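Take a look at the structure set out below.
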Amino acid sequence: MPNFLLNPWLTGIAINFALLIPAYLSPKKLLTPEGIIHAWVLGVLLYGCLGWQGYTLMMVYFLLGSAVTRIGMAEKEAAGIAEKRSGARGPENVWGSALVATICAIAFWMLKVWNYRELMQFGQLPAWATLLPPLLLLAYTASMATKLSDTCASEIGKAYGKRTFLITTLKPVPRGTEGAVSLEGTIAGIMASLVIALVGWGLGLVPHQYPIGIAICVLAAFVATNLESVIGATLQTQFSWLTNELVNVINTLIGALVAIGLGVLLFH
């Protein structure tokens, strides 16, 4: 394997080993012990597939998402609507949030390897092989924008939402109800997705020649987050197997697919 494909994996292993001990010893646990192990695997995969750019975007999401989860924690715990373990992420949270992004990253890396071999053998690539990589990077960014939007909308809504409504009926419901939305949470979610989209654009994950990709990520996150609320208000209350983590996977998948669809239409 050529060095430009191998080196990121070795760097990713080294960086994630270096972060393993401080993450475990930190007095404020952002991850459970099992969550740390799974986050290490995730970090190596993302660094190996997308380099420091993809890794950095995931770190931005993780740090902002963890910080937002702890806003108003005492009040949310007293009301019984706080995240379990005071917001510390376990394996189910790691993959519920990042499985779709990881699939996009692995697909991008596999296509990169395939493109390299095709260029070495034939000296040219088919048109789809040049269009697909930026779409996969856009989908990666959109999935992260979607998840942070969902986290911020939920946590800010729980902490500061003055009036919360069930998204399917618009009837007032208590804060923390599955499928509930609030003006404060909705605004926070939009701003969160914009932050991730801008960081993704700055890192080159959203193609610089297509700044409209920023708007695509924000719109994809908005659509996916609201559909997630609809799922929470309808299906999730009826099926016990439809856990929050599985809904998160569906949520981020919708965000990624919407971004791909819009990217196909708008990228020329």
Side-chain angles (χ1 to χ4, degrees), residues 61-62 64-73 75-77 79-84 87 89 92-101 139-197 215-262:
Y61 154 74
F62 173 68
L64 290 179
S66 296
V68 169
T69 300
R70 294 174 182 271
I71 292 176
M73 181 59 73
E75 292 81 0
K76 288 185 287 189
E77 286 182 336
I81 56 176
E83 292 292 321
K84 59 185 179 181
R89 265 64 170 176
E92 71 282 7
N93 305 115
V94 170
W95 297 113
S97 299
L99 178 62
V100 172
Y140 175 83
T141 306
S143 72
M144 288 292 92
T146 298
K147 189 64 198 77
L148 187 61
S149 176
D150 174 53
T151 299
C152 288
S154 176
E155 297 301 327
I156 296 299
K158 290 177 185 177
Y160 300 115
K162 294 180 181 178
R163 301 177 67 188
T164 52
F165 305 88
L166 196 66
I167 193 170
T168 51
T169 64
L170 297 184
K171 291 182 178 179
V173 291
R175 286 184 290 178
T177 301
E178 291 292 349
V181 296
S182 67
L183 177 61
E184 296 83 358
T186 299
I187 294 174
I190 293 172
M191 296 305 296
S193 64
L194 179 60
V195 168
I196 291 295
I216 288 175
C217 289
V218 175
L219 179 58
F222 181 78
V223 171
T225 299
N226 281 282
L227 287 178
E228 189 267 350
S229 295
V230 172
I231 293 172
T234 56
L235 299 177
Q236 193 171 3
T237 58
Q238 299 181 29
F239 301 102
S240 59
W241 53 265
L242 197 57
T243 62
N244 286 335
E245 291 72 33
L246 181 55
V247 171
N248 285 337
V249 174
I250 297 171
N251 181 30
T252 51
L253 178 61
I254 292 172
L257 292 177
V258 170
I260 290 175
L262 293 174

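The chain is numbered in sequence order, starting from 1. All of these numbers come straight from a predicted model, not from anything done at the bench.
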Below 4.5 Å, heavy atoms only, C-beta onward: do Val249 and Val100 meet side chain to side chain? yes
For residues Glu245 and Glu92, report the shortest heavy-atom separation together with the two atoms involved. CG-O, 3.3 Å
Are Leu242 and Ile250 side-chain neighbours, meaning at least one heavy-atom pair lies under 4.5 Å? yes
Can you see which heavy atom on Met144 is nearest to which on Ala101, and at what distance? CE-CB, 3.8 Å
Test side chain to side chain contact (heavy atoms under 4.5 Å, CB included) applied to Thr164 and Thr177, step by step: CA-CA 9 Å; Thr164 52; Thr177 301; over 6 Å; no
Can you tell me how far apart CG (Leu262) and CD1 (Ile216) are? Round to the nearest 0.5 Å. 5.5 Å
The single option from Ile167, Thr234, Val247 that satisfies side-chain contact (heavy atoms from CB on, under 4.5 Å) with Ser229 is Ile167
Rounded to the nearest 0.5 Å, what separation is found between the CG atom of Asn93 and the CG atom of Asn248? 8.0 Å
Minimum side-chain heavy-atom gap Ile254-Thr146 below 4.5 Å: no
If we check side-chain contact (heavy atoms from CB on, under 4.5 Å) with Cys152, which of these qualifies: Val68, Thr186, Ile71? Val68
Identify the two heavy atoms, one from Gly255 and one from Ala220, that lie closest to each other, and give their separation to 0.1 Å. O-CB, 3.4 Å
Nearest heavy-atom pair of Thr141 and Cys217: which atoms, and what distance? CG2-SG, 3.9 Å
So OG1 of Thr252 and CG of Leu257: to nearest 0.5 Å the spacing works out to 9.5 Å
Would you check, one step at a time, whether the test side chain to side chain donor-acceptor pair (under 3.5 Å) holds for Thr151 with Lys147? CA-CA 6 Å; Thr151 299; Lys147 189 64 198 77; 3.0 Å; yes
Starting at CG of Leu227, measure out to CG of Asn251 and round the result to the nearest 0.5 Å. 8.5 Å
Within a reach of under 6.0 Å around CZ of Phe62, are more than 12 heavy atoms found that belong to other residues, nucleotides or ligands? yes
Looking only at heavy atoms, the pair that brings Ser193 and Val218 closest together is OG-CG1, 3.6 Å
Could you tell me whether the side chain of Arg175 and the main chain of Gly157 form a donor-acceptor pair under 3.5 Å? no
Do Ser97 and Arg89 get their side chains close enough for a donor-acceptor pair, meaning under 3.5 Å? no
So how far is it from Leu246 CG to Trp95 CH2, rounded to the nearest 0.5 Å? 16.0 Å
Rounded at 0.5 Å granularity, tell me how far CG in Leu219 sits from CD1 in Ile190. 10.0 Å
Heavy-atom pair of closest approach, residues Ala180 and Val173: CB-CG2, 3.7 Å
Just checking, is any N or O donor in the side chain of Asn244 or Gln236 under 3.5 Å from an acceptor N or O on the other one? yes
